[in-house]
Asker: 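Here it is, the structure in full.
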Amino acid sequence: MKANQKLREAMDSFLARGSTAAEPYARLLLECIRANDVEQVKRLQSHIDIQSVQPNNTYLQNRLLHLYVKCGKTDDALQLFDKMAGKDVFSWNVMLSAYSKMGETGSLRATFNRMPVRDCVSYNTTIAGLVGSECSVDGLSLFVRMQTEGFEPSEYTYVSALNACSQLLDLRLGKQIHGRIVASCLKGNVFCGQVDQARWLFDGLGDKNVVLWNSMISGYLKNGRPEKCLDLFLEMKVAGVKPDLVTVSSVLGANFRSGFIDEATRIFKEIKEKDGVCWTTMIVGYAQNNREEDAWMLFNEMLAENVKPDKYTFSSVVSVCARLASLVHGKVIHCKAIPNGFESDLLVSSALIDMYSKCGETLDARKVFQVMPIRNVVSWNAMITGYAQNGQDQEALELYETLLQEKMKPDNITLVGVLSACSRSGSVELGKKYFSSISELHGMKPTLDHYSCMINLLGRPGRMNEALDLINSLPEKPNYLIWSTLLSVARVNGDIERAETAAKRLSEIDPLETGPYIILSNMYASAGRWEKVALMRSLMKDKKIRKAPAYSWIEIDYKVHKFVSDDRTHSQNEKIYRELHRLMKEIQKAGLSKPQDRVPIRILKNLRVCKDCHMFMKFVSKLLERCIILRDSNLFHHFVDGECSCKDYW
DNA sequence: CTAGGGTTAG
C-alpha cells in the first residue's frame with residue numbers, strides 16, 4: 001500500500017515536470033512493472049509513448065510485454081509487440097505464452113511459425129499450449145520436430161510430452177518417453193493412473209524440487225487417493241522442501257475430498273499471500289460440502305481483497321448459485337462476469353446455462369446458449385438436460401436433433417438427458433430408438449444410467465415385464481440406481497410385488513437408507529394393508545433408521561431463507577404459519593381462475609417432494625395466481641394455475 | 001518467457 005503511494009507520488013512529480021527524458025522515464029516504468037501496476041503504466045503511457053522515448057530498449061519493452069500478459073491484457077501486449085523494433089526471441093516467447101494461456105491455438109501456431117529464430121523455450125511453450133488445448137497429437141509431433149532440428153528436450157518438454165500421452169491414454173508411448181527421461185537423468189511425472197509406479201520412481205529420486213513434490217501430490221489426487229496427499233504433504237515438510245501456493249492448493253483439494261473442510265479452512269487462513277487458485281479451491285470446497293453460503297461469502301471476501309476472479313472462479317461461483325437455485329445471486333454473477341470478459345467463456349457460459357435451468361428459467365438459459373461463440377458437448381448437455389428437467393421434452397429432443405445435424409458427438413450425459421426427456425413425454429418407441437443408437441450410431445457402451453432411463457421409460461406406462469426383462473439382461477450387476485428406478489416405477493403402477501423386490505435389494509446395498517421403507521409403507525397404506533404398514537414402522541424403529549431431515553430454501557427479496565420441516569425458528573414464524581393456515585382453509589373452498597403475471601415463487605428442496613405437498617402446491621398456484629417453481633432432489637415442478645409441468649409423474 | 005495447483009454438464 002505504502003509502496004504504491006510512493007510510486008504514485010513519483011509519477012505525479014515526473015508528469016508535472018513534463019519531461020520526456022529517456023532515463024527517468026525508463027526507471028519509473030520499470031518500477032511500475034515491478035509493482036505489477038498496469039494502471040500506472042497506462043497513466044504514464046497516456047502522456048508519453050514508450051516507442052517515442054525508448055524506441056530501441058528491447059529489455060524494457062519485453063518487461064512491459066510480460067506484465068501485460070501476466071495481467072491478461074493481451075490486446076495491449078499485441079499492440080506493443082507489433083510496434084517493437086528490436087524483437088528478440090524472448091519477446092516472441094512472451095507472445096507464445098499469452099496465446100498458450102488463453103488456449104488460442106490458432107494464433108499460437110501462427111506466431112510460432114512466423115518466428116525468425118526459435119529456442120528451446122519457444123518449443124516448450126508451444127508444446128504445452130497445444131497439449132493444454134486438446135491438440136496433443138500436434139504437441140507430440142512438435143516434440144519430435146524439435147529434436148530433428150537439434151534441440152534437446154528439457155524437463156519442461158518432457159512434462160508436456162507425458163501429459164500428451166496421458167491425455168491420449170497412450171501408455172506405450174508414455175513409457176517410451178519415460179525411458180528416455182531416465183536415460184537422460186531427468187525427472188519424471190505422474191501419469192496414466194500408474195500412481196504406484198510413479199511413487200516408486202519418485203522415491204528413487206534423490207534431489208526433488210517443489211514441482212516434483214507437487215506433481216506427486218496431484219497424482220494421488222487425480223487417482224482418487226486424497227489421504228496419500230496429506231501424508232506426502234507432511235513428508236515434504238520433513239524433507240525440508242518449502243511448500244508453495246501450488247502445493248497448498250492441491251492439499252486443500254485433498255482435504256475437501258476426504259471431508260476435512262475445517263482442516264482446509266485452517267490451512268487456508270494460514271496462507272498469507274493467496275492467489276486466485278487458492279481462493280477458487282476453497283470456494284469449490286465449500287460448495288462440494290454443502291456449504292453454499294460460506295462459498296458465496298468467501299467469493300465476496302475474495303473480491304474485497306482485490307483478487308481478480310478468473311473463468312474458473314466464475315464458473316464455480318455460478319454453480320454455487322445453481323445449487324442454491326438462487327436466481328438473484330446468479331444474475332449478480334452474470335453481470336459481474338460481463339465486464340470481466342467471461343460472458344462468452346466456455347466454462348462460464350455452460351455454468352450459466354445450468355444455473356438458469358436450475359432456477360427454472362430455460363428462456364434465459366437458451367439466450368446464453370444462443371450467443372456462445374464456441375460450444376462444446378458440455379454446453380449442449382447443460383441446455384438439453386436443462387430442458388429435460390424442466391419438463392420441456394420437445395425442446396430437449398429438438399435440440400438433440402440439432403446437435404446431431406451439426407455433427408457434434410454426444411456423450412453419455414447427453415443421452416441421459418435425451419432418454420429422460422423421452423420417458424417424461426411417454427415416447428417409448430422414440431426412446432428405444434435413441435437407446436439403440438448409443439451403441440449402433442455412436443459406438444458407445446450404454447451405462448447403467450441409460451438402463452435406468454429405459455426402466456423408467458418402459459415401467460411408467462405399465463410395461464413392467466419389459467422393464468424387468470431389461471434388468472435381467474443387464475451387462476453388469478444392478479446398482480442402487482437401477483433398483484430405486486424399479487421401485488419408483490412400481491410405485492407409480494401400484495405394483496407391490498415388484499416394489500418389495502426392489503426395496504429388498506436396496507436395503508441390502510444401503511441398509512440405512514429410509515426412502516425405500518417409506519415408499520413401501522405408503523404403498524401398503526394405499527392398498528389398505530395396515531398390518532404391513534405396522535411392520536414397516538417397527539422395522540425402521542428396530543434398525544434405528546430415521547428419516548433424513550427435509551430442508552427447503554426460498555428466495556425472497558434478495559435473501560435466501562432456509563427451513564427444516566416443522567421449523568418454528570424463523571423470525572416471522574407467526575406470520576408464516578398464520579398465512580399457511582389461511583391457505584389451507586382457502587384451498588378447502590377452491591375454484592378460481594385468473595391470469596398469471598407475478599414473479600414466480602422459487603423453492604428448493606433437498607428431498608423428493610411428497611404427494612401431499614405436490615397437491616398443496618398445485619392448489620396454491622391456482623389460489624395465489626402465482627407460478628411456483630419447485631426444484632426437488634429429483635426434478636423441477638412448474639406449478640401454473642393448478643397444473644404441474646411434471647404431469648404428476650415424479 | 002516454458003513444467004506442477006483450482007473449473008462447467010447427469
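Lettering of chains follows the sequences in order, A, B, ..., and the numbering in each one begins at 1. What you see is a predicted model; the values in this text were computed from it and never measured.
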Asker: A:Arg323 has an atom CZ; how far is it from atom P of B:dT7, in whole Å?
Answerer: 11 Å
Asker: How close or far is atom C1' of B:dT8 from atom CG of A:Asn376, stated in whole angstroms?
Answerer: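 Spelled out: CG on A:Asn376 to C1' on B:dT8 is 8 Å.
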Asker: Scan side-chain atoms only and decide if A:Thr414 and A:Asp411 contain a donor-acceptor pair under the 3.5 Å cut-off.
Answerer: yes
Asker: For A:Asp119, which contact category applies under a 4.0 Å heavy-atom criterion: base, sugar-phosphate, or nothing?
Answerer: nothing
Asker: Hey, is A:Tyr156 stacking on B:dT2? Ring centres under 5.5 Å, planes under 30°.
Answerer: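 A:Tyr156 vs B:dT2: stacking yes.
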Asker: Ignoring backbone atoms, establish whether A:Asn163 has a side-chain N or O less than 4.0 Å from OP1 or OP2 of B:dG4.
Answerer: yes
Asker: Side chain of A:Asn412, base of B:dG10: donor and acceptor closer than 3.5 Å?
Answerer: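 Looking at the base of B:dG10, it does not pair with any donor or acceptor on the side chain of A:Asn412 (distance under 3.5 Å).
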Asker: Heavy atoms from C-beta onward define the side chain here; which of B:dG5, B:dA3, B:dG6 lies closest to that of A:Ala128?
Answerer: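 Of the options given, the side chain of A:Ala128 lies nearest B:dA3.
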Asker: Please verify the inter-ring angle class for A:Phe299 with A:Phe314; under 30° counts as parallel, over 60° as perpendicular, anything in between as tilted.
Answerer: perpendicular
Asker: In terms of side-chain geometry, is the basic nitrogen of A:Asp364 or A:Lys367 positioned less than 4.0 Å from the acidic oxygen of its partner?
Answerer: yes
Asker: Give a yes/no answer on whether the side chain of A:Lys101 brings an N or O atom under 4.0 Å of OP1 or OP2 in B:dT2.
Answerer: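 Checking A:Lys101 against B:dT2: at least one side-chain N or O falls below 4.0 Å of OP1 or OP2.
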Asker: Can you see whether A:Asp138 engages A:Ser141 through a side-chain donor-acceptor pair at a distance of less than 3.5 angstrom?
Answerer: no
Asker: Any base atoms under 4.0 Å from A:Asp449, or only sugar-phosphate, or nothing? Heavy atoms, all strands.
Answerer: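 A:Asp449: base contact, heavy atoms under 4.0 Å.
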Asker: Counting just side-chain N and O atoms, does A:Lys358 come under 4.0 Å of either OP1 or OP2 of B:dG10?
Answerer: yes
Asker: Pick base, sugar-phosphate or nothing for A:Val121, based on heavy-atom distances below 4.0 Å to the nucleic acid.
Answerer: base
Asker: Quick one: the side chain of A:Asp244 and the base of B:dG5, do they pair up donor-acceptor inside 3.5 Å?
Answerer: no
